[in-house]
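One structure below.
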Amino acid sequence: MQDQEFSKAYEPNNYEDSIYKAWEESGFFNPDNLPGKRTKSFSISMPPPNATGNLHIGHAVMLAIQDLTIRFQRMRGQKTLWLPGTDHAAIATQNKVEKLIKAKSGKTRHDLGRAEFLKQVNDFVIQSQTNIKNQVRKMGSSCDWTRERYTLDEGLTKAVSTAFVEMYNDGLIYRGSRIVNWCPRCLSTLADDEVEYKPTTEKLYWIKYGPFTLATSRPETKLGDTAVAVYPGDERYQKFVGKKIMIPGVLGEFEVTVVEDKAVDPKFGTGVIKVTPAHDFTDYEIAQRHNIVLKQIINEEGKMMANCGKYAGLTTRECRSKIVEDMQRMGLIEKIEDYDHNLSICYRCGTPVEPLPSKQWFINVNKEVKKLGGKTIKQKALEVVKEKEIEIIPDRFNKTYYHWIENLRDWCISRQIWFGHRIPVWYRNTKHGTRNMEHETSEEIYVGLEAPKGDGWQQDPDSLDTWFSSGLWTFSTLGWPEITKDLKTFHPTSLMETGYDILFFWVARMIIMSTYLMGEIPFKHVYLHGLIRDENGVKMSKSLDNVIDPLDVIKKYGADATRLSLLIGTTPGNDMNLSESKIGGYRNFVNKLWNISRYILINVKNPRLIEKQPSVKTLADQWILAELNLLIDFATKNLESYNFSVVGEKIYEFTWSKLADWYVEISKVESDKEEILLYILQNLLKLWQPFTPFVTQVIWQNLDDKNLLMIQDWPKASGKVDKKVIKDFDLVKEVVSTIRNLRSESNISPSQEINAVIVAGSSKKLIEQESLVISRLARLKKIEVLTSGKKSKASLSAVVGKIEIYLPVAGTLDVKKELNRLTVEEKRVRDFVAHLEAKLKNQRFLERAPKEIIEKEKVKLADHKVQLEKIKQQLKTLK
RNA sequence: GGACGAUUAGCUCAGUUGGUUAGAGCGCCUCGUUUACACCGAGGAGGUCGUAGGUUCGACUCCUACAUCGUCCACCA
């Protein structure tokens, strides 16, 4: 050990980069290079961060948890693969680059043209990918970079096309004319779950509508009305049902059909709604049920179409105020009220969504397919979770998953953006530029992996929803559609670890895609972590300036401390509040581990690995090994079941409160502990490695400079744990603590050594045997151990279980204070004894409680009665 | 409107199938440089476990209702 290398405080910045480099160069992130015979595999697909992003704290928590799991399984002898990659994040990336270009040159993507725009997007992506990959490394992630993938790389693009073609041939993908969510800013469709809702106060217009009065928030859609609907059997309107009526409007009269439909709430408003099938989902469904025609009046830019007369060309908002004016003039407006409702907006840009009729590609979620034994993809996705093939942690998310799947409608997968996987469909004699449903065309369609031969074919200009490719992630990254060795070895993956916020977006879609295309589940366990909020529980955001940047805190406190702060004190599915002081606390801990190691390594003659558990000499030796073995069992069991936090807490407690506070201190008193100290240290480093891989490796090099800690075998508990050892040692600890307490209460300075008399009864042998330890830790000069008797006058006194402790401090004894202290203590024990006595007198307790519990209470009572007696005597002696 | 979660020490959170005199870290108070560590050591104060009922010999733990906060889903003109 080099002294200068082992500085007083651990400096993470001096080691982290070189350690990571050593790991990466060792090749052990790659499962093919792992030593030993590894028959079982354990794999995780890393949820791909957006190719454009910066690492944020949400990524950090995901990386910490996944790396912990992979490192644990690697040490357990599994063939471990953690496959990293990035996602092209279609709309998000396109929007971002569009903004950048606009800011730089004032140009739009249309000015540049498709090819040039895509080139610029790709340049941008390559640059930010390098950035985020290095940030992933900073966290210590032991993922296999040789297998890294990108959703737009060649192999994955082929997987996407193959999936599309296969689903098309099975009739699962179809092109249809439907009402879609349309963002007039992005000029694209949005999936149902890409629409967000914003509470907004708007106006509700009560309008005269022929013979009816009805309420609407969108009077401009009156131009597209083709029906009026009432609740079935509503007496007020029976005479109109089934009739066609002429309604006066701002562009003259128009005809509507009156229908009955259960979608109408007879209690809301007047119980009548106007039906605009082309621009409202509910209205569209009503129109479908009653064979009502639809009339599109709003175009893809959110403007009124040519069929709107003088309103043509206005935005919907402009049109609304204009049309309201005109209607007021005609006396068609009865009243206008304020009205709170949820405005639908685009989740990417916040623009209000315009429902429009459009020709798009969909995945049919209700089609029974042969490949799934006649089930629908929806049924299959439900089944694998219900039958526990896939286990979601925490399991309460099962319910929300079921609910979401059950209510899933056909998934619109085409997007009118350029950046993404182009839809593998070609048309001839097409009018694909028009999405208007009224233009049915006779066109040839070709769906395939490559462009068809022959003239006049044009590829569909649209691209696929980014979640379509993400849905293939677990198997497309392993080589599918080729049946590769990796695919056979690592799929289904073992664990999917991600935030609960994308359970639907992503996890559900992977399940759908994998069960259909692969015929197997994508992963066995789903671990959902919560959101990281700031110390006040507020979502982190740049505008609030409450963001904790993982790179900043790694630099300041080290990657290990950052990881610990994200791994401990959290439970799956629950949000976590994180503050910098918490990270600082774990930095202190890492430093503690460093200094324990430093002490051991400096004081040991020959730092080395110890193969077998060393033989013991003292109670402390037995105790620390027993505690270590308990810890190993606990950690192994709980890491297997993803209880990271409790494991971290337990190892932390062992390290600081057991090893450092007691055993290391005792090692300064009892000699000849070289082997045990080394043995404990080497196992402790192994236990910590999945949590804090950097500092443990730095320390490990001092024990073994040839092999990396990350591929060592996970520790095994050796031998049976003797409970009596732990009980005895705990008693010794309590005696020491009690003496320290007495000293402290009486302001006896640590440098002042005093005598002690311990009346130990049946524990005399134990206390005598441990008297050296006790006297050094409690800073005693002389210690006298008796079986019984001898009341020491003018002493501080206390009782530990059945043991009486006297510290003769004649002269300095503050009798009044001491009496007071003992009286308080006496009352506390007396109350407890009374409580136990009452319990044990309760007939029903005696009848119904289990025997062991009653026995336990009886022993407790007896012990405390003895204690109470002794305190009383001590009080008497003082008086 | 429906579902879910949270509510435990000043703050951030643990608390496994009901059987401890309710725990940890940070913060706070007192004392302390005993050569691993002041990113430290020793000791201490601090909680009727959101409220009200109920089940039970026994409830922080189970049930019911309510309150506050939060999230998701559905969206009704």
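To find a chain, count down the sequence lines: A is the first, B the second, and so on, and within it residues start at 1. Since the structure is predicted, the reported quantities are computational estimates derived from the model, not experimental observations.
Residue A/Trp662 places none of its side-chain N or O atoms closer than 4.0 Å to OP1 or OP2 of B/G41. In this structure, A/Thr282 reaches the B/C76 phosphate: one of its side-chain N or O atoms is under 4.0 Å from OP1 or OP2. OP1 or OP2 of B/C40 has at least one side-chain nitrogen or oxygen of A/Asn588 nearer than 4.0 Å. Within the structure, every side-chain polar atom (N or O) of A/Lys860 is placed at least 4.0 Å from both OP1 and OP2 of B/G19. Look at A/Lys8 and you won't find any side-chain N or O under 4.0 angstrom from OP1 or OP2 of B/U35.
Comparing A/Leu204 and A/Glu665 against RNA chain B, the residue whose closest nucleotide sits nearer the 5' end is A/Glu665.
Residues A/Phe691 and A/Trp688 place their aromatic rings such that the two centres sit under 6.0 Å apart.
Classification of the A/Trp594-A/Tyr10 ring pair by plane angle, with boundaries at 30° and 60°, yields tilted.
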Output the pairing pattern of RNA chain B as a dot-bracket string, 5' first, Watson-Crick or G-U wobble with both distances under 3.5 Å, | for cross-strand pairs, [ ] for crossing pairs.
(((((((..((((.....[...)))).(((((.......))))).....(((((..]....))))))))))))....
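Among the nucleotides B/C26, B/C75, B/U21, the one closest to the side chain of A/Ser581 is B/C26. When the nucleotides B/U71, B/C40, B/G43 are ranked by their closest atom to the side chain of A/Ser744, B/G43 comes out on top.
Listed by residue number, the members of residues 566-577 of chain A with any heavy atom below 4.0 angstrom from RNA chain B are A/Gly569, A/Thr571, A/Asn574, A/Asn577.
The side chain to side chain donor-acceptor pair (under 3.5 Å) check on A/Asn643 picks up A/Asn638, A/Ser641, with sequence neighbours excluded.
Separation of atoms CG (A/Leu343) and OG1 (A/Thr201) is listed at 11.0 Å; rounding is to 0.5 Å.
Atom CD of A/Glu196 is separated from atom C1' of B/U71 by 13 Å (rounded to the nearest Å).
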